[in-house]
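Notes follow the structure.
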Amino acid sequence: MTAPGSLFAEHALLPEGWARDVLLEWDGSGRLLSVRPGSPAPAGAARAAGPLLPGMPNLHSHAFQRAFAGLTEYRGHDPEDSFWSWRALMYRFAGALTPEQLRAIATALYVEMLEAGYTSVCEFHYVHHDRDGRPYADDGVLSACLIEAAAQAGIGLTLLPVLYQTSGFGAKPPTEGQRRFIRRTDDMLRLLERLKPLCERHGARLGLAPHSLRAVPPEAVADALAGLDALDASAPIHIHIAEQTAEVEACLAWSGQRPVEWLLDHAKVDGRWCLVHATHMTADEHRRAAATGAVAGLCPSTEANLGDGLFDAGAWRSHGGRWGIGSDSHACVNAAEELMLLEYGQRLATQRRNVLARADEAHVATAMTLEAVAGGAQASGRPVAGLAVGQQADFVILDAQHTLLRELPTPQAMLSAHVFASHRRSALREVWVAGRRRVEQGAHPLAGETAAAFIAARRELLSTTS
Ligand code: NGQ
Ligand code: ZN
């Protein structure tokens with residue numbers, strides 16, 4: 001527990017929009033006790049050096065894939081390089097990982113995330129077993145590595161152990177490459193029970209992720225969710241869905257329904273759910289899925305990198321659909337860049353500008369930040385929904401002295417410059433999580449040390465996979 005704290009900001013982005021002269025105060029656990037616009041600057045109080053934004057939850061991460069970045073950007077033997085050929089390479093990498101390597105990679109990644117404006121992360125964690133596919137003596141060892149990594153970096157965590165059982169619709173047996181992911185439903189429920197106290201001790205939230213409809217048969221989805229409810233009836237539930245057209249076609253062939261349609265008809269989808277990607281939806285699926293209150297988990301840089309297709313954000317939002325952003329495979333680790341890419345995809349598709357602006361918020365970067373924080377917090381199942389009483393004091397301070405921000409007339413323009421015109425990281429000055437400053441002058445104090453451990457882990461991994 002840290003001492004209670006306070007900070008004064010001339011401009012702060014509150015859930016209802018930009019406010020002036022805001023005094024933030026939080027308690028010893030980092031929860032906001034008061035958020036008061038129009039406050040006089042208290043004598044001697046710490047002052048933000050620029051506009052203050054809510055911290056961004058990263059709603060989708062496979063941490064180990066950060067060490068794999070840069071290794072698949074070439075055309076292989078497959079003349080039709082695709083998501084599926086990428087996945088075959090990724091499986092080789094996943095097959096070689098050790099617990100120590102995962103801890104090192106995740107710690108460095110979480111430090112990078114903090115430096116890039118993310119203050120919490122949802123870890124969609126599916127490598128469970130030893131390299132030969134046999135469970136570790138301590139079944140929770142790899143999950144524990146992620147919990148320790150988040151604690152060391154100082155980032156908030158929602159841990160989503162992944163249920164994975166089959167290689168395709170219709171209960172196709174798993175492949176050799178999937179040996180480390182596979183577990184029975186009762187083994188998953190035992191793992192959740194084992195992890196719950198560990199998560200609680202570290203302030204992490206525990207949820208569950210049926211990997212996809214391809215990887216979990218219907219009965220297993222139902223049984224696992226019933227078990228999760230018994231443990232925590234409001235725990236978050238995440239699933240990959242409708243990311244690739246081949247997946248949509250295979251689902252149609254299996255069930256006569258599209259993935260999102262099938263899920264809505266066979267599971268009680270509600271605000272606990274995060275539909276990761278949900279790229280390929282019909283107008284009817286948009287309408288129905290948005291009405292459940294579920295969050296669409298958008299990962300613009302990974303979706304572009306893997307050639308998934310373009311999410312129709314305009315249609316989704318026209319139905320009041322909630323959404324947040326994730327860095328997924330970590331081809332890019334930068335909250336502002338994900339927002340920029342999401343907006344640019346929509347501009348390219350619609351030949352319009354400022355597509356994700358709103359009637360009540362004309363500035364697209366401001367509107368997107370508020371929506372992505374709200375959706376990300378909901379998907380995280382943690383009180384990280386921005387600068388409001390009762391939420392965690394998770395925030396980011398922009399550098400008003402940065403060349404691209406200086407002399408701009410409004411905080412809206414400064415945030416726009418940060419998202420669209422800076423290097424999208426260079427204008428981040430401080431990042432705070434639960435009332436503790438984790439990044440100062442753009443840097444995390446553990447950056448050098450954790451990067452060195454990351455490099456060593458990757459060297460080792462490469463020597464065992466090549
Ligand atoms: C994953 N990643 O689990 O890492 C997946 C690939 C799959 C993305 N979908 C594997 N981006 O979906 O089967
Ligand atoms: Zn994913």
Side-chain angles (χ1 to χ4, degrees), residues 58-69 71-73 81-97 102 105-106 109 121-129 142 146 158-169 172-183 207-217 236-251 259-260 263 273-280 295-311 324-333 338 341 376 379:
N58 185 340
L59 58 59
H60 193 66
S61 163
H62 309 290
F64 76 89
Q65 292 178 15
R66 183 56 169 158
F68 185 56
L71 287 170
T72 58
E73 311 302 328
D81 235 337
S82 69
F83 174 90
W84 308 101
S85 53
W86 168 84
R87 193 178 77 159
L89 294 174
M90 186 271 282
Y91 278 1
R92 280 192 18 216
F93 213 69
L97 196 69
L102 177 63
I105 294 164
L109 170 68
V121 59
C122 299
E123 192 56 45
F124 196 108
H125 169 56
Y126 58 88
V127 183
H128 300 302
H129 305 314
L142 290 169
L146 295 165
T158 298
L159 181 65
L160 303 158
V162 172
L163 189 60
Y164 206 116
Q165 299 182 336
T166 62
S167 67
F169 292 101
K172 278 210 188 71
T175 64
E176 173 63 13
Q178 294 164 339
R179 67 192 178 281
R180 302 187 72 178
F181 320 157
I182 304 304
R183 59 166 70 240
L208 176 67
H211 179 277
S212 53
L213 297 178
R214 290 178 268 128
V216 194
I237 304 162
H238 290 218
I239 188 167
H240 288 131
I241 197 142
E243 180 180 10
Q244 286 276 322
T245 50
E247 175 188 350
V248 175
E249 280 150 29
C251 189
V260 172
L263 187 73
W273 287 72
C274 179
L275 308 179
V276 182
H277 308 305
T279 312
H280 300 287
V295 174
L298 308 180
C299 308
S301 63
T302 293
E303 290 157 12
N305 186 281
L306 298 180
D308 288 344
L310 205 58
F311 180 83
I325 54 165
S327 59
D328 191 348
S329 68
H330 315 298
C332 157
V333 181
E338 297 297 344
L341 267 174

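Here, residue 1 is the first one in the sequence, and each next residue gets the next number. Just follow the structure's listing: the first ligand is 1, and inside any ligand the first atom is 1.
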Number the atoms of ligand 1 from 1 as they appear, then name those within less than 4.0 Å of a heavy atom of His277, with their elements. 9 (N), 11 (N)
Check ligand 1 against Glu243 and write out every atom of the ligand that is under 4.0 Å from a heavy-atom position of the residue. 8 (C), 9 (N), 11 (N)
So, His280 versus His277, ring centres under 6.0 angstrom or not? no
Could you check whether any side-chain heavy atom of Asn305 comes within less than 4.5 Å of a side-chain heavy atom of Glu73, counting everything from C-beta outward? yes
For Gln65, atoms of ligand 1 separated by under 4.0 Å from a heavy atom: 4 (O)
Which atom, counting only N, O or S, brings His240 closest to the Zn ion (ligand 2)? NE2
Hey, does Phe83 sit under 4.0 Å from ligand 1 if you only count heavy atoms? yes
Among all protein non-hydrogen atoms, which one is nearest to atom 10 (C) of ligand 1, and what is the separation to 0.1 Å? Arg87 CD, 3.4 Å
Shortest protein heavy-atom distance from atom 1 (C) of ligand 1, along with the residue and atom involved: Tyr126 OH, 3.3 Å
Check this for me - ligand 1, Asp328, N or O atoms closer than 3.5 angstrom, yes or no? yes
Atom name, His62 (N, O or S, nearest to the Zn ion (ligand 2)): NE2
Assess Glu303 for proximity to ligand 1: is some non-hydrogen atom of it under 4.0 Å away? no
For atom 5 (C) of ligand 1, what is the nearest protein heavy atom, given as residue, atom name and distance? His240 CE1, 3.9 Å
Residue, atom name and distance, where the atom is the protein heavy atom closest to atom 3 (O) of ligand 1: His211 NE2, 2.8 Å
Without swapping roles, check the side chain of Thr302 against the backbone of Ser329 for a donor-acceptor pair under 3.5 Å. yes
Expected output: side-chain His60 to main-chain Phe124 donor-acceptor under 3.5 Å: no
Ring center gap for Tyr126 and His211 short of 6.0 angstrom: yes
Against heavy atoms of Arg214, which atoms of ligand 1 measure under 4.0 Å? 7 (C), 12 (O), 13 (O)
contact_flag Gln244 ligand 1 heavy-atom lt 4.0 Å: no
Could you tell me which non-hydrogen atom of Thr158 sits nearest to which non-hydrogen atom of Pro236, and how far apart they are? CG2-CG, 4.0 Å
Determine yes or no for a side-chain-to-main-chain donor-acceptor pair under 3.5 angstrom, with Glu338 supplying the side chain and Ser301 the backbone. yes
Whether Arg66 side chain and Ala63 backbone form a donor-acceptor pair below 3.5 Å: no
Under 4.0 Å from one or more heavy atoms of Leu306, ligand 1 contributes atoms 11 (N)
For a side chain to side chain contact (heavy atoms under 4.5 Å, CB included) check, start with the C-alpha distance between Val248 and Val260, then their side-chain angles and the critical distance, and finish with the verdict. CA-CA 9 Å; Val248 175; Val260 172; over 6 Å; no
Quick check: Thr302 and ligand 1, any N/O pair under 3.5 Å apart? no
For Trp86, is the nearest heavy atom under 4.0 Å from an atom of ligand 1? yes
Stepwise side chain to side chain contact (heavy atoms under 4.5 Å, CB included) test for Leu97 and Arg180: CA-CA 10 Å; Leu97 196 69; Arg180 302 187 72 178; 3.7 Å; yes
Are any non-hydrogen side-chain atoms of His125 and Leu160 less than 4.5 angstrom apart? no
